[in-house]
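Shown next, in structure tokens, is the structure this report addresses.
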Amino acid sequence: MYYSLYKDIKTILADAFGLAMDPDTGIVKDGTDELRDIQWFNNQYEGTIHTAPVVFIEFSDLDITDQTKQAKQTVIQIRLHIATEVMNESDGDVADGDVCRHETLACKVLDALEDCKLHFEGHETRPLRAFRWAHHHKYNGFMVTLIDLKTKG
């Protein structure tokens, strides 16, 4: 159920950032300095993040409720992880330029996706709306901003 949502989000972001994707695998093949990759969230923080800046796409449990006997309504929540490497963390100092680039990237990701409609179970969702923004200043050597989006399918 999630793959069509993931594919739509990945395509929207790739187009917004001018990223080329391999048509057979869907993997980003030519990232830019602004954004190198877009991946399914698979708890990458437990291992090594191999490329940055990167956007991880995470899906919450689906809340499927009966609207009528024939129709169901699904609340879809999506969490985006925008991760950029902290360049000078040895003394705990993060350069203002790194913070600014990170936040600019997070804002551009949100601008690309907010109000977009996705494909879910053969139908178009309502527009995506942001409802939470959280920032983690230094997480395993990365600055991470979490952006939570919600829509209904």
Side-chain angles (χ1 to χ4, degrees), residues 1-47 49-65 67 71-86 94 96-153:
M1 293 183 119
Y2 294 124
Y3 184 72
S4 63
L5 299 166
Y6 170 73
K7 186 176 172 186
D8 282 353
I9 292 168
K10 190 171 183 176
T11 300
I12 291 165
L13 290 176
D15 289 347
F17 286 91
L19 303 179
M21 292 194 308
D22 184 295
D24 296 324
T25 63
I27 294 172
V28 174
K29 63 179 183 176
D30 290 322
T32 65
D33 288 340
E34 188 177 27
L35 181 61
R36 296 206 182 273
D37 206 358
I38 305 161
Q39 299 176 10
W40 183 281
F41 180 69
N42 193 24
N43 208 8
Q44 283 88 339
Y45 306 121
E46 286 185 357
I49 298 175
H50 295 286
T51 187
V54 62
V55 174
F56 301 122
I57 303 167
E58 178 183 9
F59 299 95
S60 67
D61 295 343
L62 292 175
D63 179 9
I64 303 169
T65 56
Q67 213 171 7
K72 294 183 184 293
Q73 182 173 333
T74 306
V75 175
I76 302 166
Q77 291 186 29
I78 300 160
R79 173 170 280 175
L80 304 174
H81 301 241
I82 293 87
T84 58
E85 195 168 5
V86 176
V94 177
D96 288 357
D98 289 341
V99 175
C100 185
R101 276 187 292 282
H102 175 84
E103 192 154 284
T104 299
L105 172 62
C107 287
K108 188 172 178 181
V109 167
L110 179 58
D111 288 346
L113 288 170
E114 196 158 41
D115 295 325
C116 286
K117 294 179 180 180
L118 308 174
H119 296 93
F120 179 73
E121 294 295 293
H123 303 294
E124 201 172 64
T125 66
R126 292 190 183 156
L128 280 171
R129 299 280 191 242
F131 71 93
R132 186 176 300 128
W133 175 291
H135 182 76
H136 301 274
H137 305 286
K138 191 162 71 170
Y139 189 83
N140 292 341
F142 292 84
M143 266 190 286
V144 178
T145 295
L146 303 175
I147 301 172
D148 292 331
L149 301 156
K150 187 185 291 189
T151 187
K152 291 182 180 179

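By convention here, the first residue in the shown sequence is residue 1. Computation of the quantities below employed the complete heavy-atom set of this structure, encompassing side-chain atoms and omitting hydrogens, waters and symmetry-equivalent molecules. This one's a predicted model, so the numbers in the text were calculated from it and none came from an experiment.
- Closest heavy-atom contact between Phe17 and Glu34: CD2-OE1, 3.5 Å.
- Thr125 places a side-chain N or O within 3.5 Å of a backbone atom of Leu118 that can act as its donor or acceptor partner.
- Asn42 places no side-chain N or O within 3.5 Å of a backbone atom of Gln44 that could act as its donor or acceptor partner.
- Rounded to the nearest 0.5 angstrom, Asp98 CG and Met143 CE are separated by 5.5 Å.
- Side-chain contact between Thr145 and Glu103: absent, with no pair of heavy atoms (C-beta onward) separated by less than 4.5 Å.
- Between Met21 atom CE and Asp30 atom CG the span is 12.0 Å, to the nearest 0.5 Å.
- Of all non-hydrogen atoms in Gln77 and Phe131, the two that sit nearest each other are OE1-CZ, 3.5 Å.
- Between the side chain of Tyr2 and the main chain of Ser60, a donor-acceptor pair closer than 3.5 Å is present.
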Could you give me the CA-CA distance, side-chain angles and deciding distance for Phe59 and Ile78, then say whether side-chain contact (heavy atoms from CB on, under 4.5 Å) is met? CA-CA 5 Å; Phe59 299 95; Ile78 300 160; 3.8 Å; yes
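- Taken from CD1 in Ile82 to CD1 in Ile38, the straight-line distance is 11.0 Å, to the nearest 0.5 Å.
- Thr51 pairs in a side chain to side chain contact (heavy atoms under 4.5 Å, CB included) with only one of the listed residues (Val28, Asp37, Leu35), which is Asp37.
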Check: residues 146-153 side-chain donor-acceptor pairs under 3.5 Å, at least two apart:
| from | atom 1 | to | atom 2 | distance (Å) |
| --- | --- | --- | --- | --- |
| Asp148 | OD1 | Arg79 | NE | 2.7 |
| Asp148 | OD2 | Arg79 | NH2 | 3.0 |
| Asp148 | OD2 | Arg132 | NH1 | 2.9 |
| Thr151 | OG1 | Arg126 | N | 3.4 |
| Thr151 | OG1 | Arg126 | O | 2.4 |

Distance-only criterion, 3.5 Å: show the donor-acceptor pairs between side-chain atoms of residues 3-15 and protein atoms not counting sequence neighbours.
| from | atom 1 | to | atom 2 | distance (Å) |
| --- | --- | --- | --- | --- |
| Ser4 | OG | His119 | O | 2.8 |
| Tyr6 | OH | Lys10 | NZ | 3.4 |
| Tyr6 | OH | Trp40 | N | 3.3 |
| Asp8 | OD2 | His119 | N | 2.6 |
| Asp8 | OD2 | His119 | ND1 | 2.9 |
| Lys10 | NZ | Gly26 | O | 2.7 |
| Thr11 | OG1 | Lys7 | O | 2.8 |

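- Here the straight-line distance linking atom CG of Leu19 with atom NZ of Lys29 works out to 12.0 Å at 0.5 Å rounding.
- In this structure, Phe56 CZ and Ile49 CD1 are separated by 4.5 Å, a value rounded to the nearest 0.5 Å.
- When all heavy atoms are compared, the tightest approach of Gly18 to Thr32 is O-CG2, 4.5 Å.
- Here the closest non-hydrogen pair linking Glu114 and Ala130 is OE2-N, 3.0 Å.
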